[in-house]
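Heads up, the thing below is written out as structure tokens.
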Amino acid sequence: MPRISTMLFVGAISACLVIQARGQEATTLVERIQPYVDREELAGAVMLVANRESILVNEAVGWADRETKRPMSVDSMFWIASQSKPMTAAALMLLVDEGRLSLDDPVEKYLPEFRGQFVVRRRDENQVVLERPAHPITIREVLSHTSGLPFRSALEVPTLDRFSLEARVRSYAMTPLDFEPSTAYQYSNAGINTAARIIEVVAGESYESFMQSRLFDPLGMQDTTFWPEGERLARVATAYRATEAGADSPLEPLEIEQLHYPLDDRSVRTPMPAGGLFSTARDVLAFYQMLLNDGRIGDRQLLSEDAVRELTRRQTPDDVTTSYGLGFMVNRSMFGHGGAYSTQSTADRESGLILIWLVQHASFPGEGAQAQTEFRRTAQGLFTPK
């Protein structure tokens, strides 16, 4: 056999072995998660494992809708909730890269309604003592949950998506800070939303338009949206929660309580930067691959390496327990974020692995909450470089 033909033959055999191995690994992942579906502890899930360059496994198990027997699919759409936070933070870093703002700029430089804000110095059942903070809150602080802003304002009850971004952010400016900036950590939708409003003011366009043209389109995130419409709406996985003891089924469907319905109603629903996005596993992957490649998409540098480093390094003070970056939870070489209805995505610089777990559960019966841990443990065992 000619040498070149031999090389091609060996290459083809090697490729087949790789495909077969990955098929076995995918089967193993499905086998580990399927029992949770069979026991009715989990409706369904999409699991994606990838590295910087390619997808290693992308599998779906169970049901996108149990009542109609619609199977979960790898292109099923999910409310990714707070996984929106790192995407909003990355969008703001595009403006930092362009020199149009600085992370240590005071928020009031762009949003004058924050001038003269107070902080709660003491509070008891009889009185609240307010004073001026040592310094105005900064962009870095609103992105790292160290600003003292609350989780949300009274304007955002019961849903988070009914008022304009401008109106919501004005309500935060009228709310006293809960603590001195940069002295504590408090998870804050208000902070991320405030950063998004700064994007609007600096860029001179709506937040959602900026996200689409500057982040989603360049990354090829074709299914990521605040308003799932048409065939995308048909692909949205039904949300579930655990029923009370004695119910006919361990799981019951529900509407997502933080959102106004119908989900495709643009006349009422407004973008919620801290947690309003719907997306797919492949779209979320595109975002994480860009970050693991130091801000590059192919030959294009979307974000600078410095911007990626700021996003994914610890920004919380050393004496604060929670390790948070800018829009990301961070833990040594790993960064990522979860979502309110149990989604989770992470990337690890050392192993190069990206793990994406998409489900739509407000709560789980039995051991359903352990399915994500099982996925992560199994995926890391199968794919972490030895």
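Side-chain polar atoms of Gln289 and Asn293 form no donor-acceptor pair below 3.5 angstrom. For the residue pair Arg235 / Thr280, no side-chain donor-acceptor distance below 3.5 Å is found, with atom types taken as modelled. Inspection of the Lys85 and Tyr324 side chains reveals no N or O donor paired with an N or O acceptor under 3.5 Å. Using modelled atom types, one finds no donor on one side chain facing an acceptor on the other under 3.5 Å when comparing Gln372 with His361.
Looking only at side-chain heavy atoms (C-beta outward), Asn58 and Leu285 stay at 4.5 Å or farther from each other. For the pair Leu92/Leu101, a side-chain contact is recorded, criterion being any heavy-atom separation below 4.5 Å from C-beta on. Within the 4.5 Å cutoff, no side-chain heavy atoms of Pro136 are placed close to those of Val107. Using a 4.5 Å cut-off on side-chain heavy atoms (C-beta onward), Arg66 and Ser249 make contact. Glu205 has its side chain within reach of Ser213: a pair of non-hydrogen atoms, C-beta onward, lies under 4.5 Å apart. By the 4.5 Å heavy-atom criterion applied to side chains, Glu310 and Gln315 are counted as neighbours. The shortest side-chain heavy-atom distance between Thr225 and Met77 falls under the 4.5 Å cut-off. Phe287 places a side-chain heavy atom less than 4.5 Å from the side chain of Met87.
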Next item on the list: Take Arg168 and Met272 through the side chain to side chain contact (heavy atoms under 4.5 Å, CB included) test and state the conclusion after the steps.
Entry: CA-CA 10 Å; Arg168 279 177 277 164; Met272 211 273 282; 3.2 Å; yes
Next item on the list: Report the C-alpha distance between Glu367 and Thr373 in whole Å, list the side-chain angles of each, state the deciding distance to 0.1 Å, and finish with yes or no for side chain to side chain contact (heavy atoms under 4.5 Å, CB included).
Entry: CA-CA 11 Å; Glu367 298 180 353; Thr373 303; over 6 Å; no
Next item on the list: Evaluate the criterion side chain to side chain contact (heavy atoms under 4.5 Å, CB included) for residue pair Leu353 and Leu56; output intermediate values, then yes/no.
Entry: CA-CA 9 Å; Leu353 282 185; Leu56 304 176; 4.0 Å; yes
Next item on the list: Could you check Val37 against Met72 for side chain to side chain contact (heavy atoms under 4.5 Å, CB included), going step by step and ending with a plain yes or no?
Entry: CA-CA 11 Å; Val37 176; Met72 191 67 80; over 6 Å; no
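The pair Glu229-Arg266 counts as a salt bridge, with a side-chain nitrogen and a carboxylate oxygen less than 4.0 angstrom apart. Classification of Glu156 and Arg162 as a salt-bridged pair fails, no side-chain N sitting under 4.0 Å from a carboxylate O. Here Glu98 pairs with Arg214 in a salt bridge; the nearest charged N to carboxylate O distance falls below 4.0 Å. Note on Asp75 versus Arg282: no salt bridge recorded, every NZ/NE/NH1/NH2 to OD/OE distance being 4.0 Å or above.
Under the 3.5 Å distance criterion, the side-chain polar atoms of Gln344 are left unmatched by any main-chain donor or acceptor of Leu355. Panel note: side chain Gln117, backbone Thr175; a donor-acceptor pair is recorded below 3.5 Å. A side-chain donor-acceptor contact under 3.5 Å links Asp283 to the backbone of Asp223. Checked by atom type and distance alone, the side chain of Arg197 never pairs as donor or acceptor with a backbone atom of Leu165 at under 3.5 Å. Here the side chain of Asp294 pairs no donor or acceptor atom with the backbone of Glu305 at under 3.5 angstrom.
Using bins of under 30°, 30° to 60° and over 60° for the plane-to-plane angle, the ring pair Phe328/Phe335 lands in the perpendicular bin. By the 30° and 60° cut-offs, the orientation of the rings of Tyr187 relative to His145 is tilted.
Taking every heavy atom of both residues into account, Val359 and Thr343 meet most closely at O-CG2, 3.3 Å. Considering every non-hydrogen atom in both Asp348 and Ser333, the closest pair reads OD1-OG, 2.8 Å. Residues Ser323 and Arg314 come closest through the heavy atom pair CB-NH1, 3.5 Å. Here the closest heavy-atom approach between residue Asn193 and residue Ala274 is recorded as OD1-N, 3.0 Å. Of all heavy-atom pairs spanning Tyr288 and Gly336, the tightest one is OH-CA, 3.5 Å.
Within a 6.0 Å sphere centred on CD of Glu53, heavy atoms belonging to other residues, nucleotides or ligands number more than 12. Gln222 CD: 12 or fewer foreign heavy atoms inside a 6.0 Å radius. Atom CZ of Arg313 has more than 12 neighbouring heavy atoms from other residues, nucleotides or ligands inside a 6.0 Å radius.
Taking the ring centre of Tyr36 as origin, the terminal cationic atom of Arg39 falls inside the region bounded by 6.0 Å and 45° from the ring axis.
Separating the CG atom in Leu42 from the CH2 atom in Trp63 is a distance of 13.0 Å, to the nearest 0.5 Å. Taking OG from Ser171 and CZ from Arg152, the interatomic distance works out to 11.5 Å, rounded to the nearest 0.5 Å. Once rounded to the nearest 0.5 Å, the distance linking CZ of Phe364 with CZ of Arg241 reads 14.0 Å. In this structure, CZ in Phe216 is found 4.5 Å from CG in Leu277, a value given to the nearest 0.5 Å. The OG1 atom of Thr194 sits 14.5 Å away from the OH atom of Tyr110 when rounded to the nearest 0.5 Å.
Checked options Glu59, Glu374, Glu25; the residue passing with Arg32 is Glu374 (criterion: salt bridge (Lys or Arg N to Asp or Glu O under 4.0 Å)).
At a threshold of 4.5 Å between side-chain heavy atoms, the hydrophobic network of Ile, Leu, Val, Met, Phe, Trp and Tyr places Val320 and Leu326 in two separate groups. Under the 4.5 Å side-chain contact rule for hydrophobic residues, Leu311 and Phe210 share a cluster.
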